[in-house]
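A, B, ... follow the sequence lines: proteins, then strands. Residue 1 opens every chain. A quick note: this is a predicted structure, and the numbers were derived from the prediction, not measured. Any value given below was found using the heavy atoms of this structure, including those in side chains, with hydrogens, waters and symmetry copies removed.
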Number of protein chains: 2
Amino acid sequence: MECKAIEYHIILEQFKDLLKQNGMKYTLQREIILKTLFENSTHFTPESLHRFIRDSYPNLNIGVATIYRTLGLLEKSDIISSISFGIQGKKYEFEQTHHDHLICDECGDIVEFLDKDIEKKQLEIAKEFGYKIVSHMMQIHGICPKCQAKLNEKE
Amino acid sequence: MECKAIEYHIILEQFKDLLKQNGMKYTLQREIILKTLFENSTHFTPESLHRFIRDSYPNLNIGVATIYRTLGLLEKSDIISSISFGIQGKKYEFEQTHHDHLICDECGDIVEFLDKDIEKKQLEIAKEFGYKIVSHMMQIHGICPKCQAKLNEKE
DNA sequence: GTCAGTGCAAAAGTTTTGCATACAG
DNA sequence: CTGTATGCAAAACTTTTGCACTGAC
């Protein structure tokens, strides 16, 4: 917790600097969106993030447009990243160290993981085709243990 | 070429059988959609596929709804598969043997590849978390050699 | 003939844009 | 004060649905 709090201030300062450098303004809406993404390891869709913030800050009355605009800004600044999880649509998450996703197709549960061998292989493949790597992502879709149990019960 | 022609008939027969088995009908629209996806290794969005077919068969007058309905049907039947390529949206391709994608973020070019070591690792990871694997996918985003050259010229 | 499939158009979602107002710098 | 950011509502897209009609079986 302590650790996270410190990190957050660093992130916030970086964000403020970035805004200042680009002649942009630091606003309560932008901070709340950043904070919400930082504090919740959930993967938000623009719509779910909007709902979550409306519920958490009933007095704020934040608009959808602001959500979309800020998500775009944060993503372009590499502070958050987005991935499309198939039928669940595009989701955003705070950009921590890179990791991949294991997704349950039944309940939508998401496990994050990182495998060094795979990371290394990816670099090799990009090199082989002469590509300059920008990012990479991997998703494994499956059924989580809980849902497997549930499905077995039904039979 | 010869080889592809033979394969296509096999696929078409399988598709017809599948339709018959489920009390569904074999229609010209369905065949043309299947054929177009089979013959073009391009990754189509519903919209680009619609446009392509309208252009290729001006007399057919196929509706968007049919495109969406048929893509859904073909995907559910594991004849084609869909992936979301970030900003480029959801795209469909003929389901060949499994492979992954290397995508140029500049020009949208897509290279397909397969790496056995990564495939093996994915199975191990799923197992580790108790997931029953359904599918998996990997995307490496980068800049292709051509675009790298173009970008260098500009400077 | 029967019933699933189609095209069309309307509806439902999702994301973007224009504009007057609010508010950070 | 100035000009960027916001909320709102309209617009632009994308995808789904309802329905009368067509066409496969």
Report the distance from atom [atom1] of [X] to atom [atom2] of [N], rounded to the nearest whole Å.
{"X": "I32(A)", "N": "dC23(C)", "atom1": "CD1", "atom2": "P", "result": "14 Å"}
{"X": "K90(A)", "N": "dT15(D)", "atom1": "NZ", "atom2": "C1'", "result": "17 Å"}
{"X": "L28(A)", "N": "dC23(C)", "atom1": "CG", "atom2": "C1'", "result": "12 Å"}
{"X": "K16(A)", "N": "dG25(C)", "atom1": "NZ", "atom2": "C1'", "result": "13 Å"}
{"X": "E75(A)", "N": "dT15(C)", "atom1": "CD", "atom2": "C1'", "result": "14 Å"}
{"X": "I53(B)", "N": "dG7(C)", "atom1": "CD1", "atom2": "P", "result": "10 Å"}
{"X": "K20(B)", "N": "dA4(C)", "atom1": "NZ", "atom2": "P", "result": "17 Å"}
{"X": "R30(B)", "N": "dC25(D)", "atom1": "CZ", "atom2": "P", "result": "10 Å"}

Heavy-atom nearest nucleotide on DNA chain C for G23(B) versus I62(B): which residue maps closer to 5'?
G23(B)
Between V64(A) and I67(B), just flag the one whose closest nucleotide in DNA chain C comes earlier from the 5' side.
I67(B)
With axes from five pairs an end, tell me the bend angle of the helix from dG1(C)-dC25(D) to dG25(C)-dC1(D), nearest 10°.
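End-to-end axis angle for the helix from dG1(C)-dC25(D) to dG25(C)-dC1(D): 30°, rounded to 10°.
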Mind checking whether [X] and [Y] have side chains closer than 4.5 Å, heavy atoms only?
{"X": "Y92(A)", "Y": "I83(A)", "answer": "no"}
{"X": "I33(B)", "Y": "I62(B)", "answer": "yes"}
{"X": "E93(A)", "Y": "S81(A)", "answer": "yes"}

Reckon N61(B) has a side-chain N or O less than 4.0 Å from the OP1 or OP2 of dC8(C)?
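Yes, within the criterion.
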Below 4.0 Å: OP1/OP2 of dT16(C) and any side-chain N or O of Y68(A)
no
Describe the nucleic acid contact of R69(A) in one word from base, sugar-phosphate, nothing, applying a heavy-atom distance below 4.0 Å.
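Base contact.
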Can you get from I32(B) to L19(B) by hopping between Ile, Leu, Val, Met, Phe, Trp and Tyr side chains that sit under 4.5 Å apart?
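Shared cluster, yes.
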Which one, [options], comes nearest to the side chain of [X]?
{"X": "P46(A)", "options": "dT15(D), dC8(D), dT15(C)", "result": "dT15(C)"}
{"X": "Q29(B)", "options": "dG7(C), dA5(D), dC8(D)", "result": "dG7(C)"}
{"X": "K25(B)", "options": "dT6(C), dG23(D), dC8(D)", "result": "dG23(D)"}

Contact nearer the 5' end of DNA chain D, comparing T27(B) with E47(B):
E47(B)
E124(B)/K120(B) ion pair, N-O < 4.0 Å
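Looking at E124(B) and K120(B), the cut-off is not met.
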Side-chain donor/acceptor of D115(A) to backbone N/O of D117(A), under 3.5 Å:
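Such a contact is found between D115(A) side chain and D117(A) backbone.
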Main chain of S84(B), side chain of Q139(B): is a donor-acceptor contact present, judged purely on distance under 3.5 Å?
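Such a contact is found between Q139(B) side chain and S84(B) backbone.
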